[in-house]
Amino acid sequence: MQLPILRRMGASTASQRQRVTGSPHYRDGEFRSHEPTHVVATSEAEGPGSMFATMVREFGRGRPRGTVPLVTPRHPHEPADLAVTWYGHATSVVELDGRRFLLDPVFGRRASPSVVAGPKRLHPVPGRIAEIPHLDAVVISHDHYDHLDEPSIRQLERTHRPHYVVPIGVDAHLREWGVPTGRITSLDWREETEVAGIRLTCTEARHFSGRGFVRNQTLWAAWSLHGPRHSVFFGGDSGPTHRYADIGADLGPFDLTIIPIGAYSVHWPDIHLNPEEAIEAHLEVNKGETDSVLLPIHWATFNLATHWWSEPIRWARKVAADRGVRMVAPRVGTRIELSDNDIDEVVAAHQDPWWEACAAPEDRD
């Protein structure tokens with residue numbers, strides 16, 4: 001019998017390579033971003049010393065001091081033309097032109113192969129997978145534990161048996177966990193598929209992948225979702241990249257963008273956006289237009305960096321206001337209905353600084 005920690009790690013490197021070696025982005029034994037990505041071992045920008053010294057010095061900053069307020073998700077039986085429900089971190093439910101998609105489902109207690117070690121949730125999941133109505137597809141950005149969770153996939157298989165749309169190589173993990181090949185579509189960058197009348201395009205990102213000791217054997221991606229009337233951009237995980245401008249030119253603008261703002265550091269500047277870079281990415285994929293609504297994600301749920309817990313949303317709000325970007329800041333679990341509503345009124349309704357009540361005394365503007 002396979003040990004739980006090995007089961008959660010997913011497919012072997014050999015089985016991943018069987019699928020990916022034909023990709024033009026797989027070179028010299030691994031996938032590569034269009035720009036180099038690396039981790040900086042030392043940096044004076046966050047104080048003297050190594051990355052380890054920074055982590056010791058700033059330990060505990062990434063946690064709230066109080067209870068994070070949650071909203072119980074309320075999904076309509078029939079999906080709306082445009083709505084989104086944020087479950088925390090990157091996990092979101094998107095309603096697009098009458099279809100429903102679940103993004104990066106992570107409903108487990110830890111972003112880790114272990115049940116006793118690794119980043120633990122800073123707040124409960126606001127709702128259960130079984131409570132989400134019919135899903136047209138599950139869309140996954142990459143195979144890191146905070147974006148691809150084996151227990152959540154098994155729950156989805158018990159309750160929904162959905163179709164999955166993933167970057168190439170990630171399909172090997174799903175098959176390892178019992179998902180039939182016929183319910184998996186795996187794509188390379190700029191390949192596309194259609195699900196229930198919605199066009200999904202796999203787009204570039206600047207990141208890396210891996211669930212064990214070998215990195216970059218599966219592809220990482222952002223996603224463009226286009227329906228007959230509305231469109232959504234999901235950033236997954238990425239550092240700053242000139243590909244955002246290319247995505248905007250080819251596929252933008254979008255009615256809604258879902259872009260990460262957290263887990264940044266000068267020690268890894270290439271793999272995660274900071275809030276200012278996230279606002280810039282939003283503008284680039286929208287070709288500079290400011291009508292789109294931005295939902296900031298990838299903060300509040302897991303402690304993955306050394307910045308203050310609420311710093312990402314505080315910083316993002318300032319930059320969004322300066323750049324004229326319509327950004328919402330909902331409580332975890334909130335459903336935001338954008339179709340057939342006054343967008344400015346919707347945005348204004350989701351500006352309450354709810355994080356102030358549970359942030360540390362030093363974690364403030």
Side-chain angles (χ1 to χ4, degrees), residues 2 4-13 15-17 19-20 30-31 86-94 101-115 117-121 125 129 132 135 137-181 183-189 200 202-203 205 207-223 234-238 258 260 262-263 271-272 297-298 301-302 304:
Q2 191 179 41
I5 193 169
L6 296 178
R7 184 180 67 243
R8 291 185 179 215
M9 289 176 70
S12 67
T13 300
S15 63
Q16 293 166 31
R17 284 177 175 163
R19 170 69 178 95
V20 304
E30 65 177 6
F31 281 105
W86 182 44
Y87 276 73
H89 204 56
T91 304
S92 306
V93 172
V94 167
F101 299 89
L102 175 59
L103 312 180
D104 282 3
V106 175
F107 290 74
R109 294 182 67 246
R110 291 186 185 273
S112 168
S114 170
V115 297
K120 186 179 179 181
R121 262 184 193 280
V125 183
I129 287 176
I132 303 173
L135 294 167
V138 172
V139 181
I140 295 170
S141 64
H142 64 298
D143 72 358
H144 283 159
Y145 289 98
D146 58 324
H147 294 258
L148 176 61
D149 178 50
E150 181 261 351
S152 298
I153 298 300
R154 294 196 181 273
Q155 288 182 49
L156 282 163
E157 286 300 289
R158 287 193 295 269
T159 59
H160 287 74
R161 296 183 58 79
H163 194 86
Y164 298 85
V165 183
V166 304
I168 55 173
V170 176
D171 50 318
H173 294 308
L174 298 181
R175 287 195 298 270
E176 180 73 15
W177 297 332
V179 180
T181 299
R183 283 197 282 109
I184 308 171
T185 299
S186 57
L187 302 177
D188 206 337
W189 286 333
L200 285 76
C202 181
T203 70
H207 199 53
F208 69 105
S209 65
R211 297 174 70 84
F213 300 109
V214 182
R215 286 186 171 185
N216 301 338
Q217 299 306 302
T218 64
L219 190 64
W220 50 92
W223 291 93
F234 171 49
D237 259 0
S238 179
I258 303 170
I271 61 172
H272 284 164
I297 59 167
H298 213 269
T301 304
F302 295 108
L304 303 176

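At least one side-chain heavy atom of Y164 sits under 4.5 Å from a side-chain heavy atom of L156. Looking only at side-chain heavy atoms (C-beta outward), H163 and T185 come within less than 4.5 Å of each other. Residues Y145 and M9 form a side-chain contact, since some pair of their non-hydrogen atoms from C-beta on lies under 4.5 Å apart. In this structure, L200 and F101 have side chains that are in contact, with non-hydrogen atoms separated by less than 4.5 Å.
Every ring-ring contact (aromatic ring centres under 6.0 Å, His included) that F208 has, sequence neighbours left out, goes to H144. Annotation: side-chain contact (heavy atoms from CB on, under 4.5 Å) contacts of A263 (sequence neighbours excluded): H272, H298, L304, A305. The side-chain contact (heavy atoms from CB on, under 4.5 Å) search around V93 returns H75, T85, Y87, R100, L102, I132, not counting sequence neighbours. With sequence neighbours excluded, no residue satisfies side chain to side chain donor-acceptor pair (under 3.5 Å) with R110. Under the rule for a side-chain contact (heavy atoms from CB on, under 4.5 Å), the partners of E150 that lie at least two apart in sequence or sit in another chain are R7, R8, R154, W177. For D149, the side-chain contact (heavy atoms from CB on, under 4.5 Å) test picks out V106, P151, S152, with sequence neighbours left out.
With a 6.0 Å radius and a threshold of 12 heavy atoms from other residues, nucleotides or ligands, R183 has its CZ atom above the threshold.
In plain terms, the two heavy atoms of H173 and L148 that are nearest each other are CD2-CD2, 4.0 Å.
Of the inter-residue distances, the one linking Q217 atom CD with S209 atom OG reads 7.0 Å to the nearest 0.5 angstrom.
T91 and D104 form no side-chain donor-acceptor contact under 3.5 Å, judged by distance and modelled atom types alone.
Listed for the T301 side chain is a donor-acceptor partner under 3.5 Å among the backbone atoms of H89.
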